[in-house]
Amino acid sequence: GTNTLTFRYTPIAAADSASGAIAIGQIALNGGTIQDANTNNAVLTYTAPTVTGVVINRPGATVAANAGTYRTGQNVDLTATFAVGGNNVNVNVTGNPTIPVEVNTATGSRTATATYVTGTGTNQLTFRFTVEPGDRDLVDTNGISITSPAIVLGTGTITDPAGNPVALEFAPPNLSTVFLDGDAPTVTNVIQPQPRVYVTGDNLDVQVVFSEAVTVAVGGGTPSIPLTINGTVRQATYFSGNGTNTLTFRYTPIAAADSA
C-alpha cells in the first residue's frame with residue numbers, strides 16, 4: 001500500500017561468508033504480484049545500485065581517538081578496532097592504508113591523511129597524522145571530523161586470519177573532543193616600564209603580551225630583551241608569567257652605569 005517495499009534476508013554464516021560481499025539482483029515474483037491501486041502490474045526492471053559498506057560475516061572497524069588538544073608537530077592517533085558479531089578479530093596489514101581526516105585551518109580546511117603505523121596481527125590498528133602549522137580546530141567546538149568514513153587501502157591490504165578482506169567503511173566516530181592548535185603564539189603588545197624616575201634598586205619591567213598563553217623554559221637559558229640605556233645595551237631577563245599570555249622581563253638599573 002506504499003511506494004517503498006522492503007525485502008529481507010538473514011545471512012547464514014556457513015553459506016554466506018566465502019566472499020563477504022553482496023550484489024543486488026532483480027525482483028522475482030515467485031507467483032506473487034506487485035500492483036498499483038488500480039491493479040496495474042508494476043514494471044520491475046531497474047538498475048541495481050552498487051552495494052558498498054555491506055560485508056557479511058567480515059570484521060568491521062570502530063574508530064576512535066584520545067581526547068585532547070594537539071599542537072603543531074604532535075601526532076594524532078586514530079585507533080581502528082576490528083570485530084565481527086561482537087567478537088574481536090585480529091587482522092593482517094600490508095602496505096600503508098590510510099584514513100582521511102577533515103581539519104579546520106586558518107584559511108578554511110584541509111584533508112589530513114592518517115596513515116597506518118602499527119598493529120598488524122592484532123585487533124587494533126593505529127593510523128596517524130601530524131598537526132601542521134595553521135591547523136586550528138580549537139576555534140570551534142566540533143573538533144576534527146571524518147566526512148568519508150572508510151579506510152583507503154591504496155596498494156595495501158587488510159585481511160582477517162583466513163585471508164579474507166575486512167569491511168573498509170565504518171560508522172562516523174565522535175571526534176568532537178579532539179582539538180588542533182597549530183597557530184603559533186604571536187606578540188600582540190609590548191608594554192613599556194611605568195613612566196617615572198627610577199633609582200638604584202628599582203626594577204625596570206617590560207611586559208610582552210601574546211595571542212595566547214605561553215610556556216617558558218629556562219633550562220637551556222633565560223629569555224631576555226635588550227634595553228639600550230644611555231647608549232649601553234642592558235638585558236631585561238624573563239621574570240614571570242609562565243602559563244599566561246603576558247610575560248614580564250626585568251632589569252635592575254645600576255646607578256654608576258645607567259645614570260649618565
Worked verdict on Q35 versus N41 for side chain to side chain donor-acceptor pair (under 3.5 Å): CA-CA 4 Å; Q35 301 174 328; N41 290 324; 2.9 Å; yes
Side-chain cluster (under 4.5 Å, hydrophobic types only) that V84 belongs to, other residues: V89
Under 3.5 Å donor-acceptor, T113 side chain and T115 backbone: no
Residues N88, T81; criterion side-chain contact (heavy atoms from CB on, under 4.5 Å); working and verdict: CA-CA 8 Å; N88 290 333; T81 302; 4.2 Å; yes
Minimal non-hydrogen separation, A61 against F170, with atom names: O-CB, 3.2 Å
Between N174 and S176: side-chain donor-acceptor atoms closer than 3.5 Å: yes
From D77 atom CG to T126 atom OG1, the distance as rounded to the nearest 0.5 Å: 5.5 Å
Point-to-point distance, once rounded to the nearest 0.5 Å, from CD1 of I144 to OG1 of T177: 9.0 Å
Verdict with supporting geometry, I158 and L125, side-chain contact (heavy atoms from CB on, under 4.5 Å): CA-CA 10 Å; I158 304 177; L125 304 182; 4.0 Å; yes
Expected output: side-chain N104 to main-chain S109 donor-acceptor under 3.5 Å: no
T244 side chain vs T246 backbone, donor-acceptor pair below 3.5 Å: yes
Flag, side chain of T120 to backbone of V93, donor-acceptor distance under 3.5 Å: yes
Same apolar cluster (I L V M F W Y, side chains within < 4.5 Å links), F7/Y46: yes
T188-S211 side chain donor-acceptor pair, cut-off 3.5 Å: no
E102/R110 salt bridge by N-O under 4.0 Å criterion: no
Residue pair N245 / E212, side-chain donor-acceptor N/O under 3.5 Å: no
Steps toward side chain to side chain donor-acceptor pair (under 3.5 Å) verdict (N75, T130): CA-CA 4 Å; N75 294 323; T130 303; 2.8 Å; yes
Spacing of F129 atom CZ and I99 atom CD1 [to the nearest 0.5 Å]: 10.5 Å
ILVMFWY network linking Y251 to Y198, side-chain heavy atoms under 4.5 angstrom: yes
Any donor-acceptor pair under 3.5 Å from S224 side chain to T237 backbone: no
Polar side-chain atom of T105 near backbone of G134 as donor-acceptor pair, under 3.5 Å: no
Enclosure of N66 CG (heavy-atom neighbours >12, cutoff 6.0 Å): no
T47 side, atom OG1; Q26 side, atom CD - distance, nearest 0.5 Å: 8.0 Å
Side-chain heavy atoms of V206 within contact of L227, under 4.5 Å: yes
CA sep, side-chain torsions, deciding dist, call: L78, I146, side-chain contact (heavy atoms from CB on, under 4.5 Å): CA-CA 11 Å; L78 304 178; I146 298 178; 4.1 Å; yes
Residue pair T79, Q124: steps toward the side chain to side chain donor-acceptor pair (under 3.5 Å) verdict: CA-CA 6 Å; T79 301; Q124 290 190 326; 5.9 Å; no
Any donor-acceptor N/O pair, N242 side chain to V216 backbone, under 3.5 Å: yes
Value rounded to 0.5 Å, distance of CZ in R250 from CG in D202: 10.5 Å
Any donor-acceptor N/O pair, N38 side chain to N40 backbone, under 3.5 Å: no
Straight-line distance of D205 CG to S240 OG, nearest 0.5 Å: 7.5 Å
Identified side-chain contact (heavy atoms from CB on, under 4.5 Å) counterpart of P97 within the set V152, T155, L153: L153
Inter- and intrachain pairs under salt bridge (charged side-chain N to carboxylate O under 4.0 Å, His left out), touching residues 111-125, at least two apart: none
